[in-house]
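A short worksheet on the structure shown next.
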Amino acid sequence: MLAESLYRLGATVAVYEPDPQAPLCQRTRYVTNAAWNDIEALRKFSQQCSRVTYEFENVESEPLQCMEFQLMPSMAVLAVAQHRAREKRFLRENGLPHVAFAEHVPDHPAILKTVRGGYDGKGQMRWTPGETPLSGPLVAEEIIDIEVEASCIVARSKTEEGVFPVFENEHRNHILDTTLVPASLPDEVLAAVQDVARETARKLDVTGLLTTEFFLTRHQPRRSPALQVDDWYLMVNELAPRPHNSGHVTRQACTFSQFDALARILLDVPLGQPRLLPGVWGMGNLLGEVYGTRSKLDLTPWAEHPTVREVCLYGKTQPRAGRKMGHFIVHGESRTAGLAEIAAFRAALTKT
Ligand code: ADP
Ligand code: MG
């Protein structure tokens with residue numbers, strides 16, 4: 001999706017990816033298939049590129065030294081965002097609202113998360129004293145009674161800053177299921193979420209995209225330094241210095257998408273302010289489950305669902321349970337209509 005946005009602005013795209021079966025390798029001309037720590041391959045790759053960005057932060061940052069000057073967001077940003085303890089220390093040191101944490105196993109129930117490598121709920125557990133904890137370096141977080149999860153993407157170039165509208169996210173089995181925009185939160189809360197996201201990106205000094213994930217609750221957390229706005233408490237959960245799954249909704253919902261924003265920043269094209277288009281927009285993920293035993297999805301039901309503005313299939317060959325195979329975006333008159341349409345279209349795709 002980023003490549004599409006780059007191509008539209010006349011760029012040439014080269015991809016570095018260990019797996020030759022990865023969709024982008026099948027669709028791009030300049031491909032390097034090598035390991036994330038293959039210093040020789042990384043150096044050769046960097047010599048082909050004027051700018052390098054990443055869509056996945058779980059790579060060792062040291063081997064990327066050779067592309068330090070092309071890397072956007074910077075090595076320093078990557079080093080913080082790829083390590084949960086560093087990320088949380090950064091939030092604490094900068095006085096940003098966050099989920100209380102310890103870097104050891106506590107004496108009370110907590111969410112344990114490995115400091116590196118976790119995504120889509122992998123590398124974390126809800127833990128009670130007596131159970132075997134995760135092994136290796138970890139953070140232990142206060143268990144938050146979450147009412148709403150939200151995310152906010154800030155795009156920063158050297159001279160401009162754009163803030164996307166706040167998305168409301170629903171997870172199922174710790175995997176993002178649905179994103180809705182506008183989020184159903186009071187205006188003051190939405191503004192506070194955007195302010196904190198902007199402040200976080202500034203403090204991290206991001207050039208590129210920064211997605212900030214938030215937990216919102218109406219019960220004041222016991223330990224977490226949350227920001228109170230009216231009767232809501234908000235805190236940052238985690239940071240992603242790249243396009244984010246929730247941001248896929250911007251491909252239809254906004255005047256330009258998160259991918260367009262990053263492409264503009266990478267290519268030194270003026271950024272501008274993204275604006276939300278009228279109506280309610282919903283993004284539904286398509287996981288491997290939707291495929292059942294099939295290897296290809298039958299899109300015939302789309303004909304009966306004109307509110308579905310986009311179906312995007314990533315070209316991954318093996319649909320496995322929990323694997324993100326694609327997404328779709330609906331446009332609704334209301335939140336209820338949008339949610340109903342997401343459920344109906346997903347069900348129709350699952351049946352055929
Ligand atoms: P990742 O998205 O990298 O897998 P997250 O830290 O975002 O990891 O956790 C995934 C999901 O697990 C969150 O979106 C939330 O639904 C739930 N979760 C994570 N941390 C907590 C917490 N401290 N309290 C309650 N729920 C949590
Ligand atoms: Mg997350």
Side-chain angles (χ1 to χ4, degrees), residues 91 95-100 111 141-155 161-172 174-202 209-222 224-240 243-255 257-258 261 273-285 327 329-343:
L91 295 169
L96 296 157
H98 61 275
V99 180
I111 307 274
E141 293 180 4
E142 179 177 15
I143 301 169
I144 304 296
D145 179 13
I146 303 170
E147 188 150 332
V148 175
E149 293 197 45
S151 54
C152 183
I153 299 178
V154 176
E161 184 177 72
V163 185
F164 282 90
V166 177
F167 315 133
E168 182 180 339
N169 302 321
E170 194 137 327
H171 293 75
R172 202 164 287 180
H174 298 274
I175 304 175
L176 183 66
D177 182 75
T178 314
T179 294
L180 277 177
V181 64
S184 57
L185 288 162
D187 287 344
E188 304 78 58
V189 176
L190 294 178
V193 166
Q194 285 187 317
D195 284 346
V196 172
R198 206 185 280 114
E199 197 56 26
T200 307
R202 285 182 189 164
L209 300 184
L210 184 75
T211 310
T212 304
E213 293 182 13
F214 291 85
F215 294 156
L216 292 106
T217 171
R218 276 196 259 221
H219 305 282
Q220 180 163 21
R222 276 184 57 184
S224 299
L227 174 65
Q228 184 180 0
V229 184
D230 297 334
D231 54 346
W232 287 88
Y233 296 87
L234 65 93
M235 65 222 101
V236 174
N237 167 36
E238 63 167 349
L239 310 175
H244 192 263
N245 191 173
S246 64
H248 295 0
V249 76
T250 61
R251 287 165 55 90
Q252 298 292 327
C254 296
T255 46
S257 73
Q258 61 169 350
Q273 256 326 307
R275 304 256 172 244
L276 185 62
L277 298 169
V280 172
W281 300 88
M283 190 274 312
N285 267 336
H327 70 256
I329 298 170
V330 306
H331 185 225
E333 302 271 289
S334 68
R335 173 188 169 79
T336 326
L339 280 172
E341 196 47 19
I342 290 173

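Just so you know, these numbers use all the heavy atoms, side chains as well, and skip hydrogens, waters and symmetry mates.
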For [X], which residues count as a side-chain contact (heavy atoms from CB on, under 4.5 Å) partner, sequence neighbours excluded?
X      : value
Glu333 : none
Ile143 : Pro109, Ile111, Arg126
Pro274 : Phe164, Phe256
Ala150 : Val166, Phe214, Leu216

List the atom of [X], the atom of [Y], and the distance in Å for their closest heavy-atom pair.
X      : Y      : result
Gly338 : Val330 : O-CG2, 3.8 Å
Thr250 : Gln258 : OG1-N, 2.9 Å
Leu277 : Cys254 : CD1-O, 3.8 Å
Ala192 : Leu227 : CB-CD2, 4.3 Å
Val163 : Cys152 : CG1-SG, 3.8 Å
Pro221 : Met235 : CG-CE, 3.8 Å

*Residues forming a side chain to side chain donor-acceptor pair (under 3.5 Å) with Glu149, sequence neighbours excluded*: His171

Under 4.5 Å between any side-chain heavy atoms of [X] and [Y], yes or no?
X      : Y      : answer
Arg222 : Glu142 : yes
Val181 : Thr179 : no
Ile146 : Thr217 : no
Leu339 : Leu180 : yes

*asked:* Quick test of your reading: applying salt bridge (charged side-chain N to carboxylate O under 4.0 Å, His left out), list the pairs with at least one residue in residues 243-254, sequence neighbours left out, ordered by first then second residue.
replied: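 Non-adjacent pairs meeting salt bridge (charged side-chain N to carboxylate O under 4.0 Å, His left out): Glu4-Arg251, Arg251-Glu310.
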
*N/O donor-acceptor pair under 3.5 Å between His248 side chain and Pro243 backbone*: no

*Are any side-chain N or O atoms of Gln228 and backbone N or O atoms of Asp230, one a donor and one an acceptor, separated by less than 3.5 Å?*
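Checking the backbone N and O of Asp230 against the side chain of Gln228, a donor-acceptor pair under 3.5 Å is found.
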
_Over 12 foreign heavy atoms within 6.0 Å of CZ, Arg172_ =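 At most 12 heavy atoms, drawn from other residues, nucleotides or ligands, come within 6.0 Å of this atom.
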
*asked:* Counting only heavy atoms from other residues, nucleotides and ligands, does the tally under 6.0 Å from CD of Gln194 exceed 12?
replied: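 Above 12, so yes.
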
*Indicate whether the side chain of Ser151 and that of Ser246 have a donor and an acceptor atom separated by less than 3.5 Å.*
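Side-chain D/A pair, Ser151 to Ser246: present.
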
